[in-house]
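Questions regarding the structure given below will be posed in turn.
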Amino acid sequence: MMRVKKPVSGAFGIGLVSAVAMAVILLWSKDLHARPEYAAQQKQSCMACHAMPWGGGPRTLYGKQYGSRELGLGKYSSQELVDADLRAVAYYAAQKTASQSNGLALMEAAVTGNVPVITRENGSELRALLTYNMAPLSGTQVREALVRWQAPTSEGGGATHVTAGRFYVPFGLRTDEHRTYTRIQTNMTLNNYAMGVAASTEALGQLHADLAVVNDFQTGGAFVSRDIAFGTVLDVRWNPPTLPFLVGVSGNYQHSTAQTQPYASSAYGVLSLDRLGLPPKGSLSIERVDAYHWNNGVFNTGQVNPGLPAFFVPTTAPAFLARVVAAPSLGYYGLAKLDLTRTFTLVYKLDFLRLDRNDSLTDFWRHGAGFEWFPVANVIIQARYERALAPAVLGRDTSAATQDDGFLMVRL
């Protein structure tokens with residue numbers, strides 16, 4: 001990923017917020033997103049491609065085959081015992097100061113072992129999974145470290161799983177970018193993990209549900225906080241086989257012994273243009289997140305990447321942070337993809353976050369356009385230029401959320 005940043009400030013009016021809200025209504029009966037969009041297009045469970053019951057993370061053999069874009073798998077990709085993810089970043093800031101990073105870095109170097117421990121003829125299975133990331137930029141650490149049990153399956157019935165260990169929680173529309181505003185809004189990016197137990201079921205076929213109880217979202221499951229006791233997450237999504245969309249709702253709650261409890265809800269959907277039978281192929285994804293008490297830095301700390309206060313509010317603006325710390329927040333996410341060919345896709349992405357849902361002067365926007373190119377199997381080249389707008393009171397070039405982004409990422 002190559003990122004070149006320059007400062008921008010400003011804000012859009014409430015009219016654009018209304019337009020986004022109208023888009024939510026218009027798109028609600030259609031398909032969405034950039035990895036979830038595959039589920040809407042193919043009408044497959046997310047677990048067809050991923051080891052986690054709720055999608056994301058290490059891929060299965062089918063996931064590798066699907067990701068190859070019919071370009072063929074290599075000798076060492078044709079198995080699912082081992083999965084690897086490699087990304088590099090080149091970063092150069094237009095406004096070079098002592099506090100800004102420049103140069104080359106390894107963004108991600110993660111290796112996964114995914115081993116079936118017990119497999120029975122009735123479909124039940126016990127599987128152990130461990131992922132370790134060796135790149136400091138995204139946290140040199142154990143990521144997933146879990147066991148996953150699959151209950152016996154009946155003919156025509158959906159799978160039921162119990163997952164125990166360390167994992168990222170199944171909240172909202174999953175994206176593979178840690179900077180997505182709606183993920184930072186609730187401290188639930190793909191770089192944040194928790195310890196706990198999750199039950200997942202597709203017993204109703206087109207309806208998938210996940211319920212997780214975890215140690216907490218703040219410490220990533222570390223046994224360090226006496227204030228934050230536990231958290232819960234519920235996610236339900238509907239992916240009807242005869243309709244061109246996927247929709248879902250999520251809720252999360254974190255119990256605290258000393259502070260006001262943070263909680264949030266997400267409503268999301270994906271529309272598959274392919275399934276509409278019209279000439280354009282691609283997808284439209286959208287999500288709305290309402291969060292309460294998640295602006296509090298006690299909870300929203302981040303684990304690898306900055307938490308919400310550090311990402312959006314510079315240290316030079318303590319009064320602005322005090323103004324929004326107890327306020328409910330509102331976030332929107334949108335992603336449009338237009339497939340020009342099997343291996344080349346145009347992309348438009350929108351991030352919006354109002355730190356105080358009742359105050360338009362706390363709006364943060366970021367939107368941009370670019371492309372995804374799959375030159376060979378399971379290699380993705382992404383390029384996008386993004387414009388960022390933030391409250392004028394925060395000044396110019398003061399935080400990650402006030403700067404334009406231009407990036408090029410190569411992912412294997």
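Because the structure is a prediction, the values reported are computed rather than measured.
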Q. Any side-chain donor paired with an acceptor under 3.5 Å for Q141 and N133?
A. no
**Q.** From S329 atom OG to N300 atom CG, the distance as rounded to the nearest 0.5 Å
**A.** 9.0 Å
Q. Among all residues two or more places apart in sequence or in another chain, which pass the side chain to side chain donor-acceptor pair (under 3.5 Å) test with E386?
A. R179, R384
(Q) Distance check, rounded to the nearest 0.5 Å: T186 atom OG1 versus Q254 atom CD? (A)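 Going from OG1 on T186 over to CD on Q254, the span is 10.5 Å.
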(Q) Let's go through Y268 and V247 carefully: what are the C-alpha distance in whole Å and the side-chain angles of both, what is the deciding distance for side-chain contact (heavy atoms from CB on, under 4.5 Å) to 0.1 Å, and is it a yes or a no? (A) CA-CA 6 Å; Y268 59 90; V247 293; over 6 Å; no
Q. In terms of side-chain heavy atoms, does H293 have a donor or acceptor partner in N295 at a distance below 3.5 Å?
A. no
Q: Please check if the side chain of D274 supplies one atom and the backbone of G282 the other of a donor-acceptor pair under 3.5 Å.
A: yes
Q.
side-chain contact (heavy atoms from CB on, under 4.5 Å) for L234 and T232? Distances and angles first, verdict last.
A. CA-CA 7 Å; L234 175 66; T232 58; over 6 Å; no
Q) Looking at residues at least two apart in the chain, or sitting in another chain, which of them share a ring-ring contact (aromatic ring centres under 6.0 Å, His included) with F371? A)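 ring-ring contact (aromatic ring centres under 6.0 Å, His included) check on F371 returns F344.
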**Q.** Y332/Y181 aromatic ring centres below 6.0 Å
**A.** no
Q | Test: R288 and D290 ion pair at under 4.0 Å | A | yes
Q: Please test F320 against V393 for side-chain contact (heavy atoms from CB on, under 4.5 Å), starting from the C-alpha separation and ending with a verdict.
A: CA-CA 8 Å; F320 185 87; V393 67; 3.7 Å; yes
Q.
Testing the basics here: between T301 and N187, what is the closest heavy-atom pair and its distance to 0.1 Å?
A.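 Closest pair (atom of T301, atom of N187, distance): N-OD1, 4.0 Å.
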Q: List the atom of R166, the atom of L146, and the distance in Å for their closest heavy-atom pair.
A: O-CD2, 3.5 Å
Q: Considering only NZ, NE, NH1 and NH2 on the basic side and carboxylate oxygens on the acidic side, decide whether D351 and R366 come within less than 4.0 Å.
A: yes
Q) Is the closest basic N to carboxylate O distance between R174 and E287 below 4.0 Å? A) no
Q: Classify the side-chain pair R357/Y292 by whether it contains a donor and acceptor separated by less than 3.5 Å.
A: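 The answer is yes; a qualifying pair exists.
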Below 3.5 Å, can you tabulate the donor-acceptor pairs from side chains in residues 107-115 to any protein atom, sequence neighbours excluded?
from, atom 1, to, atom 2, distance (Å)
T112, OG1, T131, OG1, 2.6
N114, OD1, R127, NH1, 3.1

Q. Looking only at heavy atoms, which two atoms of L394 and P314 are closest? And how far apart?
A.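 Residues L394 and P314, closest heavy atoms: CD2-CD, 4.0 Å.
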Q: Could you give me the CA-CA distance, side-chain angles and deciding distance for F245 and W238, then say whether ring pair (Phe, Tyr, Trp, His ring centres under 6.0 Å) is met?
A: CA-CA 9 Å; F245 64 84; W238 181 45; 5.7 Å; yes
Q: Provide the closest heavy-atom pair for R354 versus S360 in the form atom of the first, atom of the second, distance.
A: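 Heavy-atom minimum between the residues: NH2-CB, 3.4 Å.
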